[in-house]
Amino acid sequence: MARINSPAELEAFRSNLISGRDPNKTCITLCSGSACHASGSREVAASIEEEIRKQGLEGEVELRRTGCHGFCERGPIIVIRPDDICYFQIKPEDVPEIISETIRQKKIIERLLYTDPITNEKIIQESEIPFYKNQGRLVFGSNVQIDPKSIDDYLALGGYSGLSKALSQMSPEGVLEEVRTSNLRGRGGGGFPTGRKWAESRNAPGDMKYVIVNADEGDPGAYMDRSLLEGNPHSVLEGLIIGAYAIGSTQGYIYVRQEYPLAVQNVNIAIRQAEEYGFLGKNILGSGFDFTIDVHQGAGAFVCGESSALMTALEGKAGEPRPKYIHTAVKGVWDRPSVLNNVETWANVPLIINKGADWFTQYGTEKSKGTKIFSLVGKIANTGLVEVPMGVTLRDIIFKIGGGILGGKKFKAVQTGGPSGGCLPEELLDLEVGFDELSKAGSMMGSGGMIIMDEDTCMVDVARYFLNFLTDESCGKCVPCREGIRQMLKTLTNITQGKGKEGDIELLEQLAEVAGEAALCALGKSAPNPFLSTLKYFRDEYEAHIREKRCPALSCKELISFYIDPTRCQACMTCLRKCPSEAIIGAKRQIHVVDQDKCTKCGTCFEVCPSRFAAVKKISGEPVPPPIPEEARTIVRKSKEK
Amino acid sequence: MDKERIDQIIDKHHSDPSSLIQILLDIQAEHHWLPKEALEQISERLQVPMTRVQHIATFYKAFSLVPKGRHQIHICMGTACHVRGASRVLDTVEGLTGIKPGETDLDLKFSLETVNCLGCCALGPVLEIDGKTHGKMAPVQTADVLKNYD
Amino acid sequence: MSEILLKIDGKEVKAREGMTVLEAAQRAGISIPTLCHHEKLEPYGACRLCIVEIDMRGWKKLVVSCLYPVAQDLVVTTKSEKINRIRKMIVELLLAHAPDAFDLQDLAREYGADRDRFEKESSFCIHCGLCVRYCAEVKKKHAVGFVNRGANREISFIPEVASKECWNCKECFPLCPTEALQAAYVLTEALMSHTRQ
């Protein structure tokens, strides 16, 4: 591959590339993101290749391993182009049929189609499925068409034309102005205006400036950055190069978690390809602009998602945050001006430069422009990644796209913003998502995790869960965070174990104030949010735990008991066999009884008891009824004795 | 792990002190733990104080200062898995292996770690053993999965 | 060096550019409590005890004075109900670890902190980092450092370095506000002699 030396050469290369591709050629795109790998997409890929060979279709049918399609609930997913036939939950054994029926004879295989859970209608095309239909995929859309290991796939879709435009037709100030006018705000946390950050760095004194991609996505339950970096790495690189040009930086870093091996691999391949094509290195596209990118792997510390801690880690030190009274945009890595944005923010930049700030600002709300990718997970029917314009309501995301609550249960809360965010109750379902709207409600946008909780989720336990996470992930430098959240965790743990006492809520509130006001970094300052938001909207659950020793969600292990209703038990032995602690006493035709001393409250009996009997009961805040006397346990089946 | 191999890794990173974490990651990936001698060698070659090497090696979760078991169990404690009952999976694994997160059993059979999020939320609760993902785990299935390893 | 005028607790204070609010206050004889601050060491900002309120043309916020740079017309308040409440809690949190440390007891008296607010977990170290930073920044020996993170963070001597450097130095001992450092050293010493045998 010869280097591309000018915008004209790029366009010539692109048209040549596109004309060499037959749009009518059958192409099977298979989701090969990490989540689909876990559900077996590698095996499916292998059998597709084998079957293409076996059925003599080599050269006629192409297999393209793309990035994440987002509908992780139904993975592995294939889309057969150009007809856009979409099949879900493919197993290797389905493949021969797919090739012989659908590819060769254009016959649809009904059982692999999406079935609408409400209308029971089978849907063939991806675009007609409610999960996709109700989204607006500006950033994430190309994922389904691109093999992330192929720069040509990206170029065929118009890739690097934003960079070419910026370098040949715009001044760095012009690029900066366009980003500023677009009102793009940071997609990784606080929603700081990107243009303002860039300008601050551009205007800061110093010859050496850095641009950094924050791909240290540590929020448990959020994986949109991984999917972007895995699925469309060039879009992130292109944004970064454009940003570097605007700011006047010649060195970029990508800080990516080592827990994301596929993202690390794909981004390294992408950098190598971009260097080969001349989008990185010296004199990019003949503009005289030089820029290189290095990849730095994060070694596992949530706090490194915080910008100053990430920069400390880049320097090869333990990732402790630094005070930011002087912004990192002015004094960042090695005390030099450094602009750090998250993956999704960078991926928005080429779109803004290509299509203009006016195009971008038509999406979203007054203060939050564009779209946002959310990772919709937890007790939701359609787990996956969804991209919607800002301003869509939580209700639409959860019910229209997400398909409502798993197993027909009742919605209780949605947790947004990761450990720094909060839980929002049913009353707020009509809230329009945006940076300021979520913050006002006591949560935050964060990087876009959206964890759905149902009636079985205990909100005190959720607060305890996040504080436990943060106690472990705090760097331990400042007292309000290291000691304060540790004490909050102790108190919350006591409450969930039935050891809560009057005054605990007030103590938690005081500790929350100290962490919120006095901690060194954003991790500590926002650590009390999971507690504060659950207290605000679910105070009754706290009070039930403390005063009645009752867990209303029947979730906290120390506060619940399982017992078998003797009037319902049919002595079927199912629970007795499955109990891992041998805590169930019984035999054939002997009504079963839970030995409360042995029971570890794992809930297995409750789950395996056939629903037509529903004999196992879960209770909290009330004494366990005494076991039925031994002599009364024998079941006499009258019908059979006749 | 022999000294030459460590030197090779250090050379690959141009003996740059800012690459300290990257060097440790490479060694961890190859050797599965960081012996004290390796840390001392790095400290000397990079001219970085041992205090800093030690802080980093204990600060980041990817590193281990003790040998690991033959099978690495990772239990996802991400929020999605948590609300779907990950703690029950953890309880079961702890009960069956007799070790807590961060520990390795005496036979060096299993090492147990909890991880923040494996990003397979559709499959939650998720358990990963030696890189293989086992989804939709409940206590019973967990016990069945563990039986397959020795 | 240009001179900067600011107001601390209602008093006009002169300072030089690049100084912190804490330094400016100390020069003007206004006392702000600290635990992790030391004039020979780089500002650290870990104990957060020196928290103050600043008002920059009507824009108010809480900052730690050992790190916040002075600025023209800055208005600083070093004591208020809220500030005292935060300091009291910080002292209480630390007393759980080092209930008998004199510095903490003095602070407890000043801010009305309850020695028994939290369950005792006497690990003694309050993580002020004075020993670690003094050894690194002033002595350049790096004999003692931090290990682990979060609630498990500790100080730890590097035995090989300590056995060479510490026996005739021990300048960090008087800096320690608790007995944690000496205890850690004695332990290291014991380990060193044990391995030698």
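Lettering follows sequence order; numbering is per chain, from 1. Both backbone and side-chain heavy atoms feed into the values below; hydrogens, waters and symmetry mates do not.
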Undergrad: Checking A:Glu315 against chain B: side chain, backbone, both or neither under 4.5 Å from a heavy atom?
TA: backbone

Undergrad: Side-chain donor-acceptor pair under 3.5 Å between B:Asn116 and A:Glu473, yes or no?
TA: yes

Undergrad: Can you name the nearest heavy-atom pair linking A:Gly316 to B:Leu20, along with the distance?
TA: O-CD2, 3.9 Å

Undergrad: Chain B: which of A:Gln258, A:Lys317, A:Lys578, A:Lys379 shares the most heavy-atom pairs with it under 4.5 Å?
TA: A:Lys317

Undergrad: Using non-hydrogen atoms and a 4.5 Å limit, figure out which bit of A:Thr457 sits close to chain B: side chain, backbone, both or neither.
TA: side chain

Undergrad: Could you tell me whether the side chain of A:Tyr465 and the main chain of B:Thr79 form a donor-acceptor pair under 3.5 Å?
TA: yes

Undergrad: Are there residues of residues 91-99 of chain B whose heavy atoms fall under 4.5 Å of chain A's heavy atoms? If so, which?
TA: B:Asp91

Undergrad: Which atoms form the tightest heavy-atom contact between B:Gly119 and A:Arg226, and what is the distance?
TA: O-NH2, 2.8 Å

Undergrad: For the NZ atom on A:Lys618, are there more than 12 heavy atoms of other groups (residues, nucleotides or ligands in this structure) within a distance under 6.0 Å?
TA: yes

Undergrad: With chain B as the partner, which of A:Ser555, A:Ser581, A:Gly319, A:Ala301 has the greatest number of non-hydrogen pairs under 4.5 Å?
TA: A:Gly319

Undergrad: Name the member of A:Pro580, A:Gly384, A:Ala313, A:Ser34 that forms the most heavy-atom pairs with chain B at distances under 4.5 Å.
TA: A:Ala313

Undergrad: Let me know if A:Lys601 has heavy atoms under 4.5 Å from chain B in its side chain, its backbone, both or neither.
TA: neither

Undergrad: Identify which part of B:Arg84 has an atom lying under 4.5 Å from any heavy atom of chain A, answering side chain, backbone, both or neither.
TA: both

Undergrad: Below 4.5 Å from any heavy atom of chain A, which atoms of B:Ala138 appear? Answer side chain, backbone, both or neither.
TA: side chain

Undergrad: Please identify, among A:Gly298, A:Cys304, A:Cys36, A:Gly300, the residue contributing the most non-hydrogen atom pairs under 4.5 Å to chain B.
TA: A:Gly300

Undergrad: Going by heavy atoms in the side chains, are B:Phe59 and A:Val303 under 4.5 Å from each other?
TA: yes

Undergrad: Is B:His55 close to A:Glu320 at the side-chain level, that is, under 4.5 Å between some pair of heavy atoms?
TA: yes

Undergrad: Apply side-chain contact (heavy atoms from CB on, under 4.5 Å) to B:Lys61 and A:Asp472, showing your working.
TA: CA-CA 10 Å; B:Lys61 251 190 144 168; A:Asp472 188 36; 3.7 Å; yes

Undergrad: If you look only at pairs with a residue in residues 121-144 of chain B, which of them pass as a ring pair (Phe, Tyr, Trp, His ring centres under 6.0 Å), with sequence neighbours excluded?
TA: none

Undergrad: Do you know which of A:Ala299, A:Gly221, A:Ala35, A:Pro419 has the most heavy-atom pairs under 4.5 Å to chain B?
TA: A:Ala299

